Novice: 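Attaching a single structure in structure tokens format; questions to follow.
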Amino acid sequence: MAVTADRDEKGGFVRPSSIAESVHQRIYEQIMSLEIPPGARIPIDGLARELNVSQTPVREALTRLEREGLVRKAHLIGYSASPQLTRKEFDDLYRFRLMLEPESARQACRKLTPETLARIESAAADMEKGEQPVDRNSRYSRFARADAHFHDEILRVADNEFVRQALNDQHIHLHIFRLMFHSRVTQEALEEHERLLAAFRAGAPEDAYSAMHDHIERSRDRLAAAFE
């Protein structure tokens with residue numbers, strides 16, 4: 001497999017990205033796009049051959065994906081893709097989000113500074129303007145990570161580490177994006193994020209609460225179709 005290279009602002013060579021990072025990204029994209037289905041075994045030797053690398057970077061990548069909640073490791077069996085959310089888990093997850101994230105958006109709005117607003121806006125912009133994706137799989141997979149980063153920046157500004165950790169520990173955004181591989185999910189989310197950003201820019205905590213609540217409810221309704 002080709003190993004990508006990082007470049008500086010002038011386009012000059014800086015350093016090659018690690019093979020492990022490239023392998024991690026490729027497996028991550030396969031899981032998020034359901035090319036590796038939920039519950040499917042992930043043989044290390046097979047992936048090493050497919051990606052034309054040794055088994056070491058594959059093991060490193062799978063260990064990282066295990067920490068991110070996307071793969072599981074069983075004794076004497078090895079790695080497999082994490083099971084898909086059940087309908088009950090999905091419903092419970094969105095009830096959990098609705099209890100925590102709208103209030104976090106309201107608190108973040110009250111605590112915003114020009115610097116933290118710029119950080120949130122940068123995270124939002126990355127969903128639209130980040131590095132050019134290679135294909136539809138990489139574009140969707142990168143959006144899932146960027147979306148997680150955007151929501152996490154809001155939680156950071158809200159400054160309640162118990163809430164932030166509780167949401168991060170569930171790997172919420174990676175799991176929900178794995179439910180439906182569709183451009184509608186990304187386009188409508190961008191529009192809803194813009195309403196939230198407008199509330200932040202206006203310094204309107206109640207509007208921020210409402211925008212986040214609406215965003216989560218709409219996200220739930222879009223993805224519920226995966227269970228039909």
Side-chain angles (χ1 to χ4, degrees), residues 28-29 31-34 38 68-70 81-109 119-130 133 136-158 160 163-201 204-228:
Y28 164 74
E29 289 172 3
I31 292 171
M32 293 298 292
S33 67
L34 307 182
E68 294 174 329
L70 290 177
S82 295
Q84 193 62 283
L85 293 173
T86 66
R87 181 57 194 256
K88 183 180 187 306
E89 288 170 338
F90 174 82
D91 290 340
D92 288 348
L93 183 58
Y94 270 90
R95 279 192 287 269
F96 182 58
R97 293 187 71 189
L98 284 167
M99 285 189 289
L100 296 179
E101 290 194 70
E103 180 59 27
S104 293
R106 177 157 54 196
Q107 294 304 319
C109 191
R119 203 167 67 209
I120 291 173
E121 289 184 318
S122 176
D126 186 52
M127 281 179 275
E128 297 183 85
K129 301 178 183 176
R136 180 169 172 264
N137 284 16
S138 60
R139 179 170 63 250
Y140 188 84
S141 300
R142 199 183 68 79
F143 186 93
R145 283 206 186 281
D147 182 73
H149 178 57
F150 172 72
H151 282 262
D152 187 57
E153 284 294 339
I154 294 170
L155 294 172
R156 283 181 62 189
V157 177
N160 186 323
V163 170
R164 186 182 175 207
Q165 196 63 51
L167 288 162
N168 285 341
D169 283 350
Q170 302 304 313
H171 307 288
I172 285 170
H173 296 270
L174 300 186
H175 285 305
I176 63 175
F177 273 86
R178 207 163 52 123
L179 285 168
M180 184 180 293
F181 189 62
H182 198 288
S183 60
R184 177 189 166 208
V185 175
T186 59
Q187 184 54 45
E188 294 186 5
L190 289 172
E191 295 168 2
E192 292 153 19
H193 287 172
E194 186 53 41
R195 181 184 165 203
L196 182 57
L197 288 169
F200 286 151
R201 293 175 188 130
E206 299 310 314
D207 289 347
Y209 180 101
S210 176
M212 181 65 86
H213 194 280
D214 182 64
H215 170 47
I216 294 171
E217 285 193 323
R218 287 174 181 267
S219 172
R220 178 197 61 202
D221 294 344
R222 280 191 293 271
L223 291 163
F227 298 96
E228 295 176 357

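Scope of the values below: all heavy atoms of this structure, side chains included, with no hydrogens, waters or symmetry mates. Bear in mind that the values here come from a model prediction, so they are computed numbers and not experimental data.
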Novice: Indicate the ring-plane relationship of His193 and His215, choosing parallel, tilted or perpendicular according to the 30° and 60° boundaries.
Specialist: perpendicular
Novice: Are the side chains of Asp126 and Phe143 in contact, using a 4.5 Å heavy-atom criterion?
Specialist: no
Novice: Before accepting this row, confirm whether a basic side-chain N of the pair Arg87/Glu228 lies closer than 4.0 Å to the acidic partner's carboxylate O.
Specialist: no
Novice: So which atom in Ala208 and which in Cys109 form the shortest heavy-atom distance, rounded to 0.1 Å?
Specialist: CB-CB, 4.0 Å
Novice: For His171 and Glu68, indicate whether the former's side chain and the latter's backbone hold a donor-acceptor pair under 3.5 Å.
Specialist: yes
Novice: Any non-hydrogen side-chain atom of Arg97 less than 4.5 Å from a side-chain atom of Ile176?
Specialist: yes
Novice: Counting only N and O atoms by type, is there a donor-acceptor contact under 3.5 Å from the side chain of Tyr94 to the main-chain atoms of Ile216?
Specialist: no
Novice: With rounding to the nearest 0.5 Å, note down the distance linking CD1 in Ile120 to NE2 in His149.
Specialist: 10.0 Å
Novice: Begin from the C-alpha positions of Glu194 and Arg201 and carry the test salt bridge (Lys or Arg N to Asp or Glu O under 4.0 Å) through to its verdict.
Specialist: CA-CA 10 Å; Glu194 186 53 41; Arg201 293 175 188 130; 2.7 Å; yes
Novice: If I take atom CG from residue Leu85 and atom NE2 from residue His175, how far apart are they, to the nearest 0.5 angstrom?
Specialist: 6.5 Å
Novice: Flag the pair Arg142 and Glu29 as a salt bridge only when some basic side-chain nitrogen lies within less than 4.0 angstrom of an acidic carboxylate oxygen.
Specialist: no
Novice: Between Thr186 and Met127, is there a side-chain heavy-atom distance shorter than 4.5 Å?
Specialist: no
Novice: Output, in order, the C-alpha distance, side-chain angles, deciding distance and verdict of side-chain contact (heavy atoms from CB on, under 4.5 Å) for Phe96 and Asp92.
Specialist: CA-CA 6 Å; Phe96 182 58; Asp92 288 348; over 6 Å; no
Novice: Apply side-chain contact (heavy atoms from CB on, under 4.5 Å) to the pair His151 and Ile172, showing each step before the final yes or no.
Specialist: CA-CA 10 Å; His151 282 262; Ile172 285 170; over 6 Å; no
Novice: Using the rule given for side-chain contact (heavy atoms from CB on, under 4.5 Å), can you reason through Leu174 versus Arg145, listing the C-alpha separation, both sets of side-chain angles and the distance that settles it, and then say yes or no?
Specialist: CA-CA 7 Å; Leu174 300 186; Arg145 283 206 186 281; 4.2 Å; yes
Novice: Do you know the tightest heavy-atom contact between Phe200 and Ala105?
Specialist: CE2-O, 3.5 Å
Novice: Quick one: do Lys88 and Asp91 make a salt bridge, cutoff under 4.0 Å?
Specialist: no
Novice: Distance from Asp147 atom CG to Ser219 atom OG, nearest 0.5 Å?
Specialist: 8.0 Å
Novice: Is the shortest side-chain heavy-atom distance between Phe227 and Leu179 below 4.5 Å?
Specialist: yes
Novice: Would you confirm whether Ser104, through its side chain, and Leu155, through its main-chain N or O, come within 3.5 Å as a donor-acceptor pair?
Specialist: no
Novice: Is the shortest side-chain N to carboxylate O distance from Glu188 to Arg222 below 4.0 Å?
Specialist: yes
Novice: Looking at CD1 of Ile31 and OG of Ser82, how far apart are the two atoms once the value is rounded to the nearest 0.5 Å?
Specialist: 7.5 Å
Novice: Can you list the residues that meet the side chain to side chain donor-acceptor pair (under 3.5 Å) rule with Gln165, with sequence neighbours excluded?
Specialist: Asp169
Novice: Are any of the side-chain nitrogens in Arg164 or Glu153 under 4.0 Å away from the carboxylate oxygens of its partner?
Specialist: no
Novice: Specify whether His213 and Tyr209 have parallel, tilted or perpendicular ring planes, treating 30° as the upper limit for parallel and 60° as the lower limit for perpendicular.
Specialist: parallel
Novice: At their closest point, which heavy atom of Pro38 faces which heavy atom of Leu34, and how far apart are they?
Specialist: CD-CD2, 4.1 Å
Novice: Keeping the roles fixed (side chain from Ser210, backbone from Glu206), state whether a donor-acceptor pair exists under 3.5 Å.
Specialist: no
Novice: Would you call Arg195 and Asp207 a salt bridge, taking side-chain N to carboxylate O under 4.0 Å as the test?
Specialist: no
Novice: Taking side chain as C-beta onward, heavy atoms only, is Leu167 less than 4.5 Å from Glu101?
Specialist: yes
Novice: Both conditions, 6.0 Å and 45 degrees, for the charged tip of Arg95 above the ring of Phe90: are they met here?
Specialist: no
Novice: Tell me whether Arg119 contacts the main-chain N or O of Ile154 through its side chain, where contact means a donor paired with an acceptor under 3.5 Å.
Specialist: no
